[in-house]
Amino acid sequence: MGEAGTSKIPAELISKLSADPGTPVPDPTVSFWQEPVLPFADQQSPTLAESADVVILGSGITAISTAQHLLRLDASLKIVILEARRVLSGATGRNGGHIKAVPVADYMQLKKQLGRESAMKITRFRLAHLDAFVKEAELLGEAGEAGLVRRVEACSGYYDKAAWETAKSNREGWLQDFPEERERWTIHEQDSELKEMGLVNAYGALRGPAGAAWPYRFVGAVLSQLLATGQVMLETHTPATGVRRTTTASHPYQVETRRGIISTKHVVHCTNAFAAHLLPALRGKLYPLRGQMTVQSVPDDFPRSGAKRSWSTIWARGFDYITQSPGPDGSLYLGGGLLQGGWERDRDIGNTDDSQLSAQCLEHLEQVPGKAFLHGQGAQIDKKWTGIMGFTGDDLPFVDRLASHVSGREECEAGSGGEWIAAGFNGYGMVHSWLSGKALASMIQGREDEILDWFPREEFACTEKRLQGMTPEGALSRW
């Protein structure tokens with residue numbers, strides 16, 4: 001994100017960021033990843049459970065990771081997962097599947113904002129996700145040629161000279177604190193090097209490690225195993241309509257739905273962009289943003305490199321993220337295009353409607369293969385859909401126990417239960433969500449001391465001071 005004043009930002013956009021995000025629309029566009037549909041996509045118990053140890057709101061990566069790690073810590077827990085639509089119908093089943101941290105782009109800003117120690121901890125946390133996903137896929141027995149996660153070489157092409165010079169400077173600043181990464185993140189400016197990466201018209205490129213995944217199938221496979229334990233109940237088409245405190249010591253919370261009320265010890269908000277619906281204190285601090293994805297068929301002479309490579313295309317304004325089918329079709333899974341048409345044409349920031357496409361983004365995305373790739377002319381969009389991401393006022397997630405200044409409810413004793421959140425992944429859910437769920441599970445179980453050496457506990461905390469520093473105007477100025 002670059003510096004920008006708010007003078008050119010429409011006033012109605014600022015007001016949208018403070019609005020109630022509501023609940024997901026009932027008829028979203030259909031994602032390529034969501035076909036074929038999981039056999040338990042619409043699973044629902046005949047009768048809603050009256051009580052549980054933990055009720056998790058949402059069924060995406062973070063929710064399922066939290067559930068899995070909770071059961072690894074205590075296999076006796078009874079967990080209910082509430083989903084407003086079909087299972088995995090949100091961002092997890094709609095994103096690009098690009099497991100890519102971007103320290104070249106964000107490390108120096110983090111260091112300026114939070115200091116060296118915090119910047120290093122956050123960066124290590126993000127980089128750790130690739131190994132975490134690969135390990136989990138191996139445990140599922142789905143690794144390898146037909147696997148759900150694969151390691152790739154990420155090639156970031158820069159199509160603006162100023163952006164390229166800034167990237168080179170930022171890379172050097174980052175590697176001064178991470179010298180062990182120098183040989184893994186390399187600069188390429190020669191035409192022959194760029195051509196080998198399949199890029200044209202670029203000023204240069206950076207290479208580094210990344211991953212590509214099919215999140216819908218991956219998380220679906222994890223959830224399938226959880227459901228088989230009998231400890232997890234999945235309730236789709238059952239949005240939570242409210243949370244309230246009770247006077248009952250054993251189950252201090254009640255989660256209200258149209259199908260009934262569940263008494264529980266713990267409530268976990270994993271609804272990302274929609275979390276502020278039940279937590280009004282987060283409105284204007286945590287806001288939705290609609291992203292556009294496409295699948296594009298490529299000409300016969302376009303290289304089939306999806307088994308080993310992914311790409312990003314960085315422009316004067318914004319960037320796109322691209323993985324490729326590892327199969328012979330070579331289809332590109334290409335998303336992005338935000339704000340390429342300027343503020344005046346934007347319809348995506350603050351928008352929770354993934355039943356509609358983004359005309360501004362599509363206009364840009366249909367041109368990317370021809371502008372950025374060797375042999376990219378003639379690529380055609382075969383599939384297009386949108387998804388809703390959650391952004392915060394300082395570009396960092398909220399992963400924490402919720403105090404009364406956020407929930408609006410009296411806190412209970414730590415040993416009795418609690419209300420929790422893991423949301424606001426700022427478009428980088430694949431390098432935040434899984435391990436945030438693991439960390440949150442440890443917090444819920446009172447084992448916070450076990451995560452302090454690897455999890456950015458203070459940086460992701462939902463403190464009163466942090467929230468007071470966030471405004472819609474400030475959030476938009478970060479773009």
Side-chain angles (χ1 to χ4, degrees), residues 40 43 45 48-83 87 125 128-129 132-133 135-140 218-235 240 243 245-246 248-255 261-271 398-403 407 411-423 432-455 457 460-462:
F40 47 85
Q43 181 165 312
S45 302
L48 197 65
E50 294 183 357
S51 65
D53 294 308
V54 183
V55 174
I56 300 177
L57 312 183
S59 68
I61 292 177
T62 317
I64 304 311
S65 174
T66 302
Q68 184 190 70
H69 288 99
L70 278 170
L71 289 183
R72 285 177 176 173
L73 295 173
D74 183 351
S76 71
L77 291 173
K78 291 291 186 181
I79 301 172
V80 174
I81 297 174
L82 300 181
E83 169 56 51
V87 72
F125 172 75
H129 273 76
F133 274 116
K135 179 180 178 180
E136 292 293 340
E138 290 172 347
L139 292 175
L140 289 168
F218 169 79
V219 180
V222 175
L223 179 53
S224 179
Q225 292 188 348
L226 293 178
L227 295 174
T229 67
Q231 299 300 116
V232 175
M233 289 169 281
L234 173 63
E235 305 293 348
V243 177
R245 277 280 275 121
T246 75
T248 305
S250 62
H251 293 83
Y253 294 93
Q254 289 184 333
V255 178
I261 295 174
I262 308 173
S263 296
T264 184
K265 296 178 181 179
H266 298 278
V267 180
V268 188
H269 297 261
C270 293
T271 51
F398 295 129
V399 185
D400 202 3
R401 180 186 176 98
L402 290 178
S407 69
E411 296 178 62
C412 63
E413 294 294 329
S416 300
E419 200 165 349
W420 310 82
I421 189 170
H432 283 122
S433 299
W434 187 260
L435 293 179
S436 288
K438 179 179 180 179
L440 198 63
S442 291
M443 292 184 211
I444 292 169
Q445 287 297 92
R447 300 169 66 162
E448 189 166 324
D449 58 317
E450 298 177 5
I451 66 171
L452 296 180
D453 61 337
W454 59 267
F455 181 69
R457 180 70 181 92
F460 292 179
C462 202

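Basis for what follows: all heavy atoms, side chains included, without hydrogens, waters or symmetry-related copies. Along the sequence shown, residues carry numbers from 1.
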**Report entry** Smallest separation among heavy atoms of Phe40 and Ser224, with atom names
**Finding:** CE2-CB, 3.8 Å

**Report entry** Minimum-distance pair of heavy atoms, taken over all atoms of Ser250 and Lys265
**Finding:** O-CG, 3.2 Å

Any donor-acceptor pair under 3.5 Å linking the side chain of [X] with the backbone of [Y]?
| X | Y | answer |
| --- | --- | --- |
| Thr229 | Gln231 | yes |
| Ser416 | Cys412 | no |
| Asp400 | Leu402 | no |

Between atom [atom1] of [X] and atom [atom2] of [Y], what is the distance when rounded to the nearest 0.5 Å?
| X | Y | atom1 | atom2 | result |
| --- | --- | --- | --- | --- |
| Ile79 | Leu70 | CD1 | CG | 5.0 Å |
| Gln445 | Asp74 | CD | CG | 5.5 Å |
| Gln43 | Leu223 | CD | CG | 8.0 Å |
| Cys270 | Leu440 | SG | CG | 6.5 Å |
| Ser51 | Leu48 | OG | CG | 10.5 Å |

Listed pairs under 3.5 Å, donor-acceptor, residues 53-67 side chains, sequence neighbours left out:
unit_1, atom_1, unit_2, atom_2, d
Asp53, OD2, Lys78, N, 2.8
Ser59, OG, Glu83, OE1, 2.8
Ser59, OG, Leu88, N, 3.0
Thr62, OG1, Ser433, OG, 3.4
Ser65, OG, His69, ND1, 3.2
Ser65, OG, Trp434, O, 2.6
Thr66, OG1, Thr62, O, 2.7

Quick one, [X] and [Y] - any side-chain contact, counting heavy atoms below 4.5 Å?
| X | Y | answer |
| --- | --- | --- |
| Glu235 | Val80 | yes |
| Arg72 | Lys438 | no |
| Tyr253 | Val243 | yes |
| Val399 | Met443 | yes |

Requested in this report: With sequence neighbours left out, write down each residue that passes ring pair (Phe, Tyr, Trp, His ring centres under 6.0 Å) with Phe455, or none if nothing qualifies.
Outcome: Phe125, Phe460

Query raised in the report: Does a sphere of radius 6.0 Å around CD in Glu450 hold more than 12 heavy atoms from other residues, nucleotides or ligands, not counting ones at 6.0 Å or beyond?
Result: yes

Report task. Identify the residue among Ile262, Thr246, Val267 that makes a side chain to side chain contact (heavy atoms under 4.5 Å, CB included) with Gln254. Result -> Thr246

Report task. Under the side-chain hydrogen bond (donor to acceptor under 3.5 Å, both in side chains) rule, what do Glu448 and Ser442 come out as? Steps first, then yes or no, please. Result -> CA-CA 6 Å; Glu448 189 166 324; Ser442 291; over 6 Å; no

Query raised in the report: Which one of His266, His269, Arg245 satisfies the side chain to side chain donor-acceptor pair (under 3.5 Å) criterion with Glu419?
Result: His269

